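This report concerns only the one structure given below.
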Amino acid sequence: MLMVHLKEEELWNFIADSVYDKPSCADVLNCLKQVDHDDPENLALLRFNALWEAYYRHDSLLVFSTGRSPTIYGDLRKQKPLLTPDITIMSVGTEITYGESMVPDDGWKQYLDHKWDRDVVLEETAKFPELTMQSETEQRPHKVSFYLEKGKAPNVVKALSKRLEKRGLDVKIIYSNGIALDVLPQSAGKGRALAFLLEKLNADGLGPRNTLVCGDSGNDAELFTVPAVNGVLVSNAQEELLHWYTENARSNPQIIHATERCAAGILQAIGDFSLGPNVSPRDIGDCMSSGKVLGPSHEVVMFYIFYERWRCGEVENPKQYMHNFKSIFHSTGNCVHPSGVDQPMHQVIDTLEKAFGDKKDQYYRVWIDSLSFAEVSVGSWLVKFDKWEISGNKSQGCITKVLMNSKVDAPHHYTWMHLHQTWLDGLGEKDEVSWLL
């Protein structure tokens with residue numbers, strides 16, 4: 001993951017093809033290492049999501065850097081509650097795309113063509129019986145991928161490098177995870193892709209204040225060699241990356257080995273490098289009485305954490321909190337359900353009051369993605385985000401727009417005037433009844 005801080009109102013000139021209405025970015029966070037496949041409830045990942053949307057989304061750039069192909073990355077997004085990144089680097093740094101629509105960077109494609117001939121790579125690798133071709137989805141225009149036994153890797157890599165050099169190619173061979181071998185253009189790779197992005201930002205006068213890179217496997221090593229970045233190896237980093245760290249970076253204060261796994265390791269690094277808040281809103285026990293609200297994004301994230309806990313029956317003294325809950329919404333406000341039904345807000349709140357604990361015996365989580373906001377008039381804010389729910393093994397999502405006003409007597413608190421939701425890609429067809437807010 002990559003964390004880059006830019007100036008407001010500048011980032012989205014850099015990503016002109018993105019669909020987002022985002023002001024600018026101050027940090028870049030580069031990773032996809034927050035996914036913990038040993039955490040079936042995704043607790044650390046959801047903690048990271050809440051932190052990012054509450055404190056960083058409005059002025060920071062989230063980049064997912066992965067060895068996965070677009071197909072496998074897309075499958076992962078369906079399985080895990082991942083946020084939508086601003087930029088995606090895939091296929092071991094051979095593909096760069098922007099925004100939710102994943103618009104490709106054609107300049108990066110042209111850059112990788114230098115001294116690269118995929119047909120020659122296929123011809124030479126076919127001479128090595130030790131190499132087993134990976135699935136078709138993992139074969140990309142600037143990446144040819146194989147499986148290779150760990151004990152055979154050193155000799156194969158050395159011999160293959162010589163053969164390709166004799167054929168006039170300038171390639172990079174990366175062995176990672178003790179099984180995967182990728183042949184790429186020499187100018188490709190996660191680190192070079194990151195450097196390419198940072199060069200573009202700097203060329204446009206958008207150089208970030210901070211950049212944090214996160215890694216767990218051998219193909220992440222070059223991320224840590226990019227000048228001026230802070231880096232974290234999560235505690236579950238694999239052997240080849242730990243070996244690289246021991247040999248190259250143990251004494252470098254800009255690169256740390258976290259004591260926490262995956263997303264929790266990233267939160268730890270944000271704190272260790274003093275990049276900003278690193279306590280997730282999900283780690284706050286009483287999220288409706290946590291003191292000063294820091295802005296519309298913080299307000300929304302804290303509200304929906306409370307909403308999740310309410311429906312899971314995890315809120316103590318529910319009568320007291322329902323009074324506070326009702327004070328958030330304007331007495332004449334209205335709510336448009338994703339199905340199109342328009343209801344007075346007080347009616348929706350009455351329904352929610354009766355729904356206390358209705359998800360108590362289920363796996364139920366709520367998270368916010370792609371949150372943006374703008375002050376449309378003095379003290380009046382339009383907030384847009386995707387709201388997701390997972391109940392059991394079913395997930396639903398909707399585009400949500402909220403009009404909220406700052407309270408006159410408490411300018412750092414807000415009154416929700418109007419809420420409008422629309423299903424994302426027909427996801428509401430599964431269960432419209434249980435979707436309340």
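The basis for the numbers below is simple: all heavy atoms, side chains too, and nothing from hydrogens, waters or symmetry mates. All values derive from a computational prediction rather than experimental measurement.
- In this structure, F146 and E130 have side chains that are not in contact, with every pair of non-hydrogen atoms separated by 4.5 Å or more.
- Here D39 does not pair with R261 in a salt bridge; the nearest charged N to carboxylate O distance is not below 4.0 Å.
- Crowding of Q254 atom CD: a count of heavy atoms from other residues, nucleotides or ligands under 6.0 Å exceeding 12.
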Listed pairs under 3.5 Å, donor-acceptor, residues 269-279 side chains, sequence neighbours left out:
residue : atom : partner : partner atom : Å
N278    : ND2  : L267    : O            : 3.1

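- Counting only heavy atoms from C-beta outward, the side chains of Q396 and S434 approach each other to under 4.5 Å.
- A side-chain donor from one of Q421 and T400 sits under 3.5 Å from a side-chain acceptor of the other.
- In this structure a side-chain-to-backbone donor-acceptor pair under 3.5 Å is missing from E260 to I266.
- Using modelled atom types, no side-chain atom of Q343 and backbone atom of V348 make a donor-acceptor pair closer than 3.5 Å.
- Between W423 and H337, the angle of the ring planes goes over 60°, which puts this pair in the perpendicular group of the 30/60° scheme.
- Side chains of Y73 and S91 form no contact here, defined as non-hydrogen atoms less than 4.5 Å apart.
- Listed for the Y364 side chain is no donor-acceptor partner under 3.5 Å among the backbone atoms of C312.
- Ionic pairing of E95 and K143 is not present here: no N-O contact between side-chain nitrogen and carboxylate oxygen is shorter than 4.0 angstrom.
- Salt-bridge annotation for K150 and E239: present, with a side-chain N of the basic residue lying under 4.0 Å from a carboxylate O of the acidic one.
- Applying the salt bridge (charged side-chain N to carboxylate O under 4.0 Å, His left out) test to every pair with at least one member in residues 248-259, sequence neighbours left out, gives no pairs at all.
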Could you check W416 against E299 for side-chain hydrogen bond (donor to acceptor under 3.5 Å, both in side chains), going step by step and ending with a plain yes or no?
CA-CA 10 Å; W416 296 37; E299 164 87 7; 2.9 Å; yes
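- With hydrogens and angles left out, the side-chain atoms of R140 and S145 include no donor and acceptor closer than 3.5 Å.
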Take H142 and D113 through the test side-chain hydrogen bond (donor to acceptor under 3.5 Å, both in side chains) and record every step on the way to the result.
CA-CA 8 Å; H142 294 95; D113 283 337; 2.8 Å; yes
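- Without hydrogens or angle criteria, R77 side chain to L83 main chain gives a donor-acceptor distance under 3.5 Å.
- Not one N or O on the side chain of D117 forms a donor-acceptor pair closer than 3.5 Å with the backbone of L169.
- No side-chain heavy atom of S235 sits under 4.5 Å from any side-chain heavy atom of Q268.
- Enclosure of atom CD in E375 by more than 12 non-hydrogen atoms of other residues, nucleotides or ligands within 6.0 angstrom is indicated.
- Within the cation-pi definition used here (under 6.0 Å to the ring centroid, within 45° of the axis), K387 qualifies as a partner of W435.
- No side-chain heavy atom of S297 sits less than 4.5 Å from a side-chain heavy atom of V383.
- Side-chain contact between I368 and R57 is absent, with no heavy atoms from C-beta onward closer than 4.5 Å.
- In this structure, Y304 has its ring center closer than 6.0 angstrom to the ring center of Y307.
- Judged by distance alone, the side chain of E222 and the main-chain N or O of G191 form a donor-acceptor pair under 3.5 Å.
- A side-chain donor-acceptor contact under 3.5 Å links D220 to the backbone of S217.
- Contact annotation: the side chain of T94 never approaches that of P141 to less than 4.5 Å [non-hydrogen atoms, C-beta and beyond].
- Around NZ of K80, the count of heavy atoms belonging to other residues, nucleotides or ligands within 6.0 Å exceeds 12.
- By the side-chain hydrogen bond (donor to acceptor under 3.5 Å, both in side chains) test, Y175 pairs with no residue at all, sequence neighbours left out.
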Decide yes or no on salt bridge (charged side-chain N to carboxylate O under 4.0 Å, His left out) for R192 and E199, but give the supporting numbers first.
CA-CA 10 Å; R192 190 64 197 99; E199 287 167 7; 3.5 Å; yes
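- Using bins of under 30°, 30° to 60° and over 60° for the plane-to-plane angle, the ring pair F373/W381 lands in the perpendicular bin.
- Not a single donor-acceptor pair under 3.5 Å links the side chain of D386 to the backbone N or O of S370.
- Under the side-chain contact (heavy atoms from CB on, under 4.5 Å) criterion, R163 pairs with E124, K127, F128, sequence neighbours left out.
- A tilted orientation is assigned to the rings of F306 and W310, their planes being inclined by 30° to 60°.
- Here CG of L61 is found 8.0 Å from CG of L197. Values are rounded to the nearest 0.5 Å.
- Taking a cutoff of 4.0 Å between a charged side-chain nitrogen and a carboxylate oxygen, D105 and K200 qualify as a salt bridge.
- Annotation: side chain of V301 is not in contact with side chain of R282 (no heavy-atom distance under 4.5 Å).
- Partners of K109 under the side-chain contact (heavy atoms from CB on, under 4.5 Å) rule, at least two apart in sequence or in another chain, are P104, D106.
- Sequence neighbours left out, the pairs with a member in residues 208-227 that pass ring pair (Phe, Tyr, Trp, His ring centres under 6.0 Å) are F224-W244.
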Could you give me the CA-CA distance, side-chain angles and deciding distance for S391 and Q362, then say whether side-chain hydrogen bond (donor to acceptor under 3.5 Å, both in side chains) is met?
CA-CA 7 Å; S391 184; Q362 303 180 40; 2.5 Å; yes
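- A donor atom on one side chain and an acceptor atom on the other are found under 3.5 Å apart for T137 and S135.
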